[in-house]
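Worksheet: the structure to be examined is printed underneath.
Because only heavy atoms are used, hydrogens play no part in the values below, and waters and symmetry mates are left out as well, while side chains stay in.
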Amino acid sequence: MPEPIKARNKLPAEAVKRRNVELALSNAEQIFRLLVDAVSDYAIFALDPNGYVLTWNRGAERFKGYKANEIVGQHFSRFYMRSDIENGKPDMELRVAADEGRYEEEGWRVRKDGSLFWANVVITALRDQSGVLRGFAKVTRDLTERKRAEENLQQLNENLEKKVRERTEDLIKAAERLETAVKSRDEFLSIASHELKTPLTSLKLQVQMRKRAIEKQGAQAPFTLERLRQMVEDDEKQINRLNQLVDDMLDITRITAGKLTLQTELVDLCALIQEVTDRFAPQLEAAGCQVFFDADCKVEGQWDLYRIEQVFINLLTNAMKYGAGKPIQIKVSAADGIAKLAVRDYGVGIAAEDHERIFLQFERAISASEVSGLGLGLYIVRQIVEAHGGRILLESKLGEGSLFKVELPIANEPARRQSHQSR
């Protein structure tokens, strides 16, 4: 009797155990499904081997905007940009996941409303015990905020680097300007000291010679009226030269500081040119330069008399210096509201490559050893002409002389530079 009873009790126990295992597995599967479905920070869903959506959790609905009944059964390529679809990117990701077990990347994905979000994507191949591919698990994280923060940081870094580069370039340029200014100052001081010393040495020598003559012969010193006149003229030349050098240095200081001022008044250019030409008649005669002056009856304009005289004197003295004793032609005319002054010489001329250079500071048409001066005359002339709203042009060839042409607006109103400061 006991044996049959034991046999009857054993079968129900195995069935109960098996049923309990099945219930536990079913319960675990339900719990896992609930867990996956409850996750809202990750999009977790399954794909079949061809990439069609099988499951959909709350996070997937939150990130991508689709409800489960809208997306289950649809191909997962719907989440990709058109360019990625055309390039076969979705299929490539599944191939890599199938071949290597998983695929991971970060990139732009598309929501239901067409907006983009930056996603971290992991695709894992799902195989059964026999190794047959049953589908894929896809987990997606929305990293858009992190991406934007990185882009903002990158933009800030780029802006900072740009500002650093710009500031560095500014500092380099400032250093270059400072170096140039120092060189210009040193060159200016060197030239100025030499040019100032020359007339001073001449004056000193003249005074010493007279002193010795007076000490030697007393009141009977052989200074004839003609000799005295010659000595006074020589002194006057040296004093005028010193005065011109000082004026040039003062003008450069004003120009550099942006304080070149104009005191405009009604000026008859023809009368001014005639008066200056007459004044320089002795120097022109000594240089062997005959002047031919062609002018309209009257050319009037609102200009700074002193400055325009300065322009013409510079052009006239240059023509004497470089004219090699040949004729100088001067012409004044007016047309279309523009007064025109032309000064032509037939001297050494200027090479084409030097046409612009001679209007710079400390530059001359020929070697500094051949002529005196600071090399500032034409630079100052251009600044004065441009301050009046005009321009100066040069036509010249080596060996054929030079033609300087000044154009000045007749109704000039240089309000920005006009001032009543004293010169």
Handout entry: With sequence neighbours excluded, residues passing ring pair (Phe, Tyr, Trp, His ring centres under 6.0 Å) with F293
Key = none
Practice task
May I ask you to check whether N157 and E161 show a side-chain donor-acceptor distance below 3.5 Å?
Solution key: no
Handout entry: Partner residues of Q154 under the side chain to side chain donor-acceptor pair (under 3.5 Å) criterion, sequence neighbours left out
Key = E158
Handout entry: Parallel, tilted or perpendicular, as decided by the 30° and 60° cut-offs, for the rings of F45 and W56
Key = tilted
Exercise for the section: Go through the structure and list residues passing side chain to side chain donor-acceptor pair (under 3.5 Å) with K405, not counting sequence neighbours. Expected result: E395
Exercise for the section: Give a yes or no on this: more than 12 heavy atoms of other residues, nucleotides or ligands lie within 6.0 Å of atom NZ of K331. Expected result: no
Practice task
Answer yes when R382 and E356 have at least one side-chain N-carboxylate O distance shorter than 4.0 Å, and no when they do not.
Solution key: yes
Exercise for the section: Answer yes when K112 and E70 have at least one side-chain N-carboxylate O distance shorter than 4.0 Å, and no when they do not. Expected result: yes
Problem - Pairing residues for Y80 by the side chain to side chain donor-acceptor pair (under 3.5 Å) criterion, not counting sequence neighbours - result: E93
Completion exercise
Distance col, row Q290:CD vs K326:NZ, nearest 0.5 angstrom, shows 14.5 Å
Fill in the blank from the handout: Value for CG (D304) from CD1 (I384), rounded to nearest 0.5 Å, stands at 8.0 Å
Completion exercise
The side chain to side chain donor-acceptor pair (under 3.5 Å) partners of T317 (sequence neighbours excluded) come to none
Exercise for the section: Could you tell me the separation between the CZ atom of F76 and the CG atom of L94, rounded to the nearest 0.5 Å? Expected result: 4.0 Å
Problem - Flag if over 12 foreign heavy atoms under 6.0 Å of CD, E285 - result: no
Fill in the blank from the handout: CZ of R146 to CD of E151, rounded to nearest 0.5 Å, is 10.5 Å
Problem - Distance-only polar pair, side chains of D294 and Q329, donor-acceptor under 3.5 Å - result: no
Identify every side-chain donor-acceptor pair in residues 126-137 under 3.5 Å, counting partners at least two apart or on other chains, and give the distances.
from	atom 1	to	atom 2	distance (Å)
R127	NH1	G131	O	3.0
R127	NH2	A98	O	2.9
D128	OD1	S130	N	3.0
D128	OD1	S130	OG	2.8
D128	OD1	G131	N	3.0
D128	OD1	V132	N	2.8
D128	OD2	S130	OG	3.4

Problem - Exercise: identify the closest heavy-atom pair between F359 and H355 - result: CD1-O, 3.2 Å
Problem - Side chain to side chain, I392 and V311, heavy atoms closer than 4.5 Å - result: no
Problem - R141 with E145: basic N within carboxylate O range, under 4.0 Å - result: no
Problem - D142: partners by salt bridge (charged side-chain N to carboxylate O under 4.0 Å, His left out), with sequence neighbours left out - result: R111
Handout entry: Inter-residue atom distance I313.CD1 - L316.CG, 0.5 Å rounding
Key = 8.0 Å
Practice task
Keeping to residues at least two apart or across chains, list the ring pair (Phe, Tyr, Trp, His ring centres under 6.0 Å) pairs with something in residues 81-125.
Solution key: W108-W118
Problem - Any I71 side-chain heavy atom under 4.5 Å of F79 side chain - result: yes
Handout entry: K340 NZ to L408 CG distance, which is reported to the nearest 0.5 Å
Key = 11.5 Å
Problem - Check ion pair R165-E169 (N to O, under 4.0 angstrom) - result: no
Completion exercise
Contacts of V343 meeting side-chain contact (heavy atoms from CB on, under 4.5 Å) (sequence neighbours excluded), chain-then-number -> F312, L315, A319, I328, L341
Problem - Set of residues satisfying salt bridge (charged side-chain N to carboxylate O under 4.0 Å, His left out) with respect to E265, sequence neighbours excluded - result: none
Completion exercise
Across all chains, not counting sequence neighbours, the salt bridge (charged side-chain N to carboxylate O under 4.0 Å, His left out) partners of R78 are none
Practice task
Could you pull out all residues at least two apart from R391 that satisfy salt bridge (charged side-chain N to carboxylate O under 4.0 Å, His left out)?
Solution key: E407
